[in-house]
Protein chains: 4
Amino acid sequence: MKKKISDPKQRLLDTATDLFYNQGYHATGINQVIQEAGVARASLYLHYESKETLLLAFLQQRHTDWMAGLKRFTDTAAKPKEKIQAAFDFLSDNNEKEHFRGCAFLNILSETTDRDAEVLTVIQDHKKDLRAFLGDILHKEKQAVKDHVYLLFESAIVESQLYRNQWPVQEAKKMAAGLL
Amino acid sequence: MKKKISDPKQRLLDTATDLFYNQGYHATGINQVIQEAGVARASLYLHYESKETLLLAFLQQRHTDWMAGLKRFTDTAAKPKEKIQAAFDFLSDNNEKEHFRGCAFLNILSETTDRDAEVLTVIQDHKKDLRAFLGDILHKEKQAVKDHVYLLFESAIVESQLYRNQWPVQEAKKMAAGLL
Amino acid sequence: MKKKISDPKQRLLDTATDLFYNQGYHATGINQVIQEAGVARASLYLHYESKETLLLAFLQQRHTDWMAGLKRFTDTAAKPKEKIQAAFDFLSDNNEKEHFRGCAFLNILSETTDRDAEVLTVIQDHKKDLRAFLGDILHKEKQAVKDHVYLLFESAIVESQLYRNQWPVQEAKKMAAGLL
Amino acid sequence: MKKKISDPKQRLLDTATDLFYNQGYHATGINQVIQEAGVARASLYLHYESKETLLLAFLQQRHTDWMAGLKRFTDTAAKPKEKIQAAFDFLSDNNEKEHFRGCAFLNILSETTDRDAEVLTVIQDHKKDLRAFLGDILHKEKQAVKDHVYLLFESAIVESQLYRNQWPVQEAKKMAAGLL
DNA sequence: TATGAATGAGTTTTCATTCAT
DNA sequence: TATGAATGAAAACTCATTCAT
């Protein structure tokens with residue numbers, strides 16, 4: 001039987017998600033995580049080997065959720081071009097909901113060195129999946145077009161975070177439409 | 001008479017530049033900075049009000065240096081299209097020299113919340129300057145083209161950091177050429 | 001099963017009591033407290049939110065202990081006048097045992113500004129309790145007499161600390177006797 | 001020729017007076033002193049051997065000024081009893097002007113251990129002078145009366161600081177009057 | 001599964017003092 | 001006389017992790 005709201009493990013993950021995403025990995029202390037999750041300190045280490053393990057769990061869940069959200073948007077359209085447009089709408093939607101905090105993966109990437117091999121891999125895998133996802137929608141297009149759309153998509157995320165503004169998403173959306 | 005190599009203040013800034021850029025702001029402790037700079041702890045606070053002040057100094061110097069480097073590359077070409085191509089070559093060059101650590105400003109942006117208003121401003125100002133710089137080169141083009149090149153340029157930086165690979169720069173360079 | 005001597009929390013409080021009282025609050029560093037208490041630095045913050053919280057705990061325990069000590073002395077006498085005399089004897093006793101360090105509350109008061117509202121309140125409450133305690137013993141006397149005895153009592157504490165000598169207690173004791 | 005407002009040495013002393021008195025000796029840092037005095041750090045050590053030397057200078061100047069202020073009040077009256085009353089009025093006046101910060105000497109005493117022999121001596125000497133001053137006014141009274149007035153006088157200072165209220169001065173003033 | 005206690009090493013910042021000019 | 005630069009030690013506090021129960 002499931003717990004009423006969520007079990008400690010999930011509560012830890014949800015809190016870490018919030019904090020790692022919104023204030024950064026290194027800027028977030030274990031103390032804050034357990035406090036906001038409402039669990040004992042040792043309980044964290046019962047479910048997650050280390051802070052980094054928690055980070056990985058966050059990234060993995062985020063990957064699943066984010067890709068699902070993206071798919072929900074692209075599924076509403078039929079043609080490739082419209083699906084791509086819907087993908088940009090997903091970004092707009094995210095920006096609103098998450099106050100322009102940008103891409104969780106690219107943000108963590110900034111705090112990651114080559115020594116954190118595992119983290120780096122998860123981040124790269126996420127982006128490869130995204131790239132493949134967009135590529136599949138555009139399976140009739142040439143590789144150059146696929147890449148072009150992907151790069152505009154990435155810019156849209158990063159630049160709207162930078163300026164705290166939707167214009168990069170809207171502009172990139174138009175540019176992508178022009179390519180198709 | 002000038003000091004032999006460099007004075008403590010500059011040494012601190014150079015060390016901070018290295019560390020903040022390569023391993024992140026929050027992941028870098030004051031201890032490491034003073035140790036690698038070879039100065040006493042209190043000397044840091046003699047020259048910089050706080051760790052954040054040192055960060056701002058780093059970003060400001062980086063802005064100047066980076067823009068100068070970019071200009072050096074674009075100055076080697078005559079026509080706008082070639083200048084833009086040279087700009088991408090600057091990115092390639094940076095990637096090599098700096099081991100794909102990407103954009104110092106976007107990296108710090110990832111560690112920045114809206115509470116760090118001053119830092120955010122410096123980052124945004126840097127990008128505005130870059131955007132204006134590219135826009136000036138393309139002064140005969142429509143705004144949409146200017147923006148398009150800018151967004152591809154930004155993607156090139158971020159994605160080559162992500163994949164630790166030059167392909168995004170090379171692809172984006174070709175795409176930009178196609179637009180002009 | 002109880003701990004052998006005392007648990008870390010109590011040991012911290014006892015050490016803080018000793019140090020805050022004998023060398024002052026600001027002159028006492030956290031380092032010294034944990035060292036003499038034989039606990040790890042972080043353990044202090046496990047039990048006490050901050051140095052000021054530890055100070056408050058010290059004052060509260062001191063209040064309880066001191067008032068109990070006073071009562072123990074006054075309880076040995078039957079009549080009000082004798083009880084007051086016993087109260088002064090308590091001061092003499094304290095001076096001997098604590099090497100003329102005076103009143104813990106007045107000492108901390110000297111290091112307290114209006115910004116430390118909570119500390120100030122604890123100090124004032126202690127003195128109000130003392131005043132009420134003496135007032136109760138002298139419940140048949142007029143308010144002016146109660147106040148007079150209280151002021152002499154306070155002087156006795158402060159001046160014996162100042163001169164490192166019992167004479168102020170002895171003189172004040174006589175003067176109080178003369179009033180009753 | 002004197003400097004327009006005051007020379008660095010006096011400015012340091014005045015600033016130290018303000019800070020040591022109002023926020024305590026240990027709570028006051030050299031930084032704050034030189035900053036508020038508007039002198040260079042090294043200039044402090046040019047005029048004063050150490051922080052403690054500055055403290056001694058403060059206490060000595062305070063002694064002179066305070067005793068002069070007291071004399072100014074007692075000089076307005078002719079008879080001993082009235083002079084004593086005027087002395088209490090001086091305390092009231094001080095409380096108003098100095099926001100109930102109490103006695104500079106007793107405050108420093110609280111931060112002083114037996115190791116600070118010199119400081120302790122200055123403090124004791126101040127009080128001895130005060131006691132002698134009041135004793136001289138009451139030269140026709142018995143020693144017990146002199147002491148009694150002195151102890152009430154001291155209480156008045158301490159207790160009005162404690163309660164941030166003039167009542168202890170007013171009450172003690174009446175009590176003293178009753179003794180004469 | 002869950003937790004409160006405990007910790008050594010770390011954090012950023014300030015201390016009082018001295019030095020070179 | 002005056003000062004900006006420099007410093008070792010210390011300040012209060014937090015870090016991520018482990019242990020005993």
side-chain N/O C/S43 vs E/dA5 OP1/OP2, d < 4.0 Å: no
Is the closest side-chain heavy-atom distance between A/F58 and A/L12 below 4.5 Å? no
At what angle, to 10 degrees, do the two end axes of the helix from E/dA2-F/dT21 to E/dT21-F/dA2 meet, given five pairs define each axis? 10°
Hey, does the side chain of C/D116 reach the backbone of C/V119 with a donor-acceptor pair shorter than 3.5 angstrom? no
Using a 4.0 Å cut-off on heavy atoms, which residues in residues 50-57 of chain C reach DNA chain E? List them by number, or say none. none
Please name all residues satisfying ring pair (Phe, Tyr, Trp, His ring centres under 6.0 Å) with C/H63, sequence neighbours left out, ordered by chain then number. C/H126
So which atom in A/L106 and which in B/S110 form the shortest heavy-atom distance, rounded to 0.1 Å? O-OG, 4.0 Å
Name the residue closer to the 5' end of DNA chain E, choosing between A/G38 and C/A40 according to the nucleotide with the nearest heavy atom. A/G38
Name all pairs fulfilling the side-chain hydrogen bond (donor to acceptor under 3.5 Å, both in side chains) condition that reach into residues 25-36 of chain B, sequence neighbours left out, sorted by first residue then second. B/Q23-B/T28, B/Q23-B/Q32, B/H26-B/E111, B/N31-B/R41, B/Q32-B/E36
Spacing between D/Y48 atom OH and E/dT17 atom P, to the nearest angstrom: 15 Å
For the pair made of CG in C/L12 and C1' in F/dA12, what is the distance, rounded to whole Å? 15 Å
In whole angstrom, what separates D/L46's CG from E/dA16's P? 18 Å
Heavy-atom closest contact (B/L120 atom, A/L162 atom, distance): CD1-O, 4.4 Å
What one should report as the nearest heavy-atom pair of B/E49 and B/T53 is CB-OG1, 3.4 Å
Test side chain to side chain contact (heavy atoms under 4.5 Å, CB included) on A/S43 and A/K9; report intermediate values, then the result. CA-CA 8 Å; A/S43 298; A/K9 183 167 187 176; over 6 Å; no
Side-chain donor/acceptor contact of D/R41 with base of F/dT3 under 3.5 Å: no
B/K51 vs B/L44 side-chain heavy atoms within contact, under 4.5 Å: no
Near-strand residues of residues 26-37 of chain B, defined as heavy-atom separation under 4.0 angstrom from DNA chain E: B/T28, B/G29, B/I30, B/N31
Does D/H47 place a side-chain N or O at less than 4.0 Å from the phosphate oxygens OP1/OP2 of F/dA2? yes
Please report the distance, rounded to the nearest Å, between CG in D/D7 and P in F/dT1. 10 Å
Can a donor-acceptor pair be found, under 3.5 Å and without considering hydrogens, that links the side chain of A/Q161 to the backbone of A/F100? no
Taking the basic N atoms (NZ, or NE/NH1/NH2) and the acidic carboxylate oxygens, is any pair closer than 4.0 Å for D/E98 and D/R62? yes
Looking only at heavy atoms, what is the nearest atom pair of C/Y48 and C/A57, with distance? CE2-CB, 3.7 Å
Every protein N/O within reach of nucleotides 19-21 of chain E N/O, cut-off under 3.5 Å:
none

Value in whole Å for how far the P atom of F/dC15 lies from CG of A/L44: 13 Å
Passes side chain to side chain contact (heavy atoms under 4.5 Å, CB included), C/F20 versus C/N107? Steps please. CA-CA 9 Å; C/F20 288 169; C/N107 286 340; over 6 Å; no
Treating A/N22 as the side-chain partner and A/L19 as the backbone partner, does any N or O pair qualify as donor plus acceptor under 3.5 Å? no
Does E/dT17 have OP1 or OP2 under 4.0 Å away from a side-chain N or O of D/Y45? yes
